[in-house]
Amino acid sequence: SLGPGDAVVGLLFLLASLNAGDGTPEPPASCRFHSSTVRAGPEGAEVIEVPIAVLEACFDVYPAKMRLIVQRLCHRLVFVVFGTLSTYFGIAREVVVPSTYKVSNLPLEKLLAMEPPELFALSLGCDGGGQDERVEEALSSAVFLDFDEDEIVIPAQQRTTHLFVLLQGEVEMELQLPGYRSSTEAAPSRGGSRHGSSNEPASAAARDALRIRPGEAIGELSILVDGPAPVVYRCASRCRFAALPRDAVLRLMDLRSRSCCLRLLHFTSAWSASWLHRVDAALDWIPVVGGQCLFRKGHPKR
């Protein structure tokens, strides 16, 4: 049951329900529709309802502040929500669900015919509204990258170098959370080192559930937190990607805050289990300034 001051849905997934702009795909269905039912108790309830249109207006009026909010909420998702579930409840694999969410509604054949800058302009909602030179310069750094089978695209505990869109091949997505046994130890990264916590292979069913297919994006969560994300991507076959450097994506987040931030948020929320919406709303997060006490000896436990 919920008490006064409790949230029903976490702000992160409310923001993920917003459309990024004209011409972009709708947000993932898991964010557009509620995954639970909330009803008033026998004595009724008084709630504050904030229309989604208010959040949309905030992106238009305060783009820089909304970008910081999105990034901070993603930090919370990684270090509070994922960390709490894995460390204290042993839940890791369950936070991920199979995703078929593509960067565009266009057929894959048309995406394959595009050059990388055009593909990312479409994927991040940066292809309309009058292109300026700064946006074109950032997009121009996009390239094709090829990876061999078993090569790790984004190693464990490392910040991604690019935002990737898979064009050919298949990629396995694996979690690197406390208590989760990964199967990526024996796989080499682009730098030649090996990463992972176990060489015990995952079951075929588990790997299939975590498989990324052409038209899907990877690396977005690492960019949103601007640091390592608890996800490792390993090529299940020889793969080709369109790749946009991390610095270029961060630049686009400044220049096209609404469309770029929301598209990255859509990519992340597409593979996040819908029940995380309720956990995200329920967990308290208390930022503590350096040197400040969280509690003192003798204080009652909350």
Side-chain angles (χ1 to χ4, degrees), residues 2 4-38 45-78 80-81 101-105 120-136 138-139 163 217 220-221 223-226 248-270 272 274 276-285 287:
L2 301 173
D6 290 339
V8 177
V9 181
L11 180 57
L12 174 69
F13 293 101
L14 282 177
L15 292 175
S17 71
L18 301 179
N19 286 313
D22 296 338
T24 60
E26 285 189 312
S30 60
C31 294
R32 289 185 284 118
F33 303 100
H34 287 293
S35 60
S36 59
T37 299
V38 178
E46 183 176 349
V47 300
I48 298 176
E49 185 179 69
V50 180
I52 291 295
V54 172
L55 298 176
E56 293 178 333
C58 287
F59 257 111
D60 295 332
V61 179
Y62 307 107
K65 293 184 183 298
M66 293 302 290
R67 171 195 164 166
L68 291 176
I69 289 175
V70 168
Q71 290 179 295
R72 190 168 186 180
L73 289 171
C74 287
H75 271 276
R76 182 182 189 275
L77 179 69
V78 171
V80 179
V81 178
Y101 191 74
K102 303 291 193 279
V103 298
S104 172
N105 291 327
F120 279 104
L122 178 68
S123 303
L124 299 176
C126 298
D127 58 342
Q131 203 77 291
D132 65 38
E133 294 181 356
R134 297 171 299 172
V135 172
E136 291 180 351
L139 291 170
L163 174 66
E220 77 293 333
L221 186 56
I223 290 175
L224 284 169
V225 302
D226 198 20
V249 181
L250 294 174
R251 180 63 172 152
L252 291 173
M253 289 171 66
D254 285 331
L255 298 173
R256 293 285 188 271
S257 293
R258 173 173 177 159
S259 61
C260 193
C261 288
L262 289 179
R263 291 300 291 144
L264 295 178
L265 202 52
H266 293 165
F267 301 154
T268 290
S269 59
S272 302
S274 60
L276 284 175
H277 301 201
R278 302 191 294 279
V279 176
D280 183 57
L283 285 175
D284 285 333
W285 185 32

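Residue numbers start at 1 and run along the sequence shown. As the structure is a prediction and not an experimental result, all values here were calculated from the model.
Taking CD of E136 as the start and CG of L255 as the end, the distance is 11.5 Å to the nearest 0.5 Å. Taking CG from L224 and CD from Q71, the interatomic distance works out to 7.0 Å, rounded to the nearest 0.5 Å. The CD1 atom of I69 lies 8.0 Å from the CZ atom of F59; values are rounded to the nearest 0.5 Å. Put simply, SG on C31 and OH on Y101 are 9.0 Å apart, with the number rounded to the nearest 0.5 Å. Separation of atoms CG (D60) and CG (L55) is listed at 11.5 Å; rounding is to 0.5 Å.
Using a 4.5 Å cut-off on side-chain heavy atoms (C-beta onward), L250 and M253 make contact. Between R256 and L124 the shortest side-chain heavy-atom distance does not fall below 4.5 Å. At a threshold of 4.5 Å between non-hydrogen side-chain atoms, the residues V249 and L264 count as touching. Side-chain contact between S272 and F13 is present, with heavy atoms from C-beta onward closer than 4.5 Å.
In terms of modelled atom types and a separation under 3.5 Å, the side chain of R251 and the main chain of A138 share no donor-acceptor contact. Checked by atom type and distance alone, the side chain of N19 never pairs as donor or acceptor with a backbone atom of G21 at under 3.5 Å. Between the side chain of R263 and the backbone N or O of V103 there is at least one donor-acceptor pair closer than 3.5 Å. Side chain of H266 to backbone of C261: no donor-acceptor contact under 3.5 angstrom is found. Looking at S17, its side chain does come within 3.5 Å of a backbone N or O of L14 through a donor-acceptor pair.
Salt-bridge formation is detected for the pair R76/D280: a Lys NZ or Arg NE/NH1/NH2 atom is positioned less than 4.0 Å from an Asp or Glu carboxylate oxygen.
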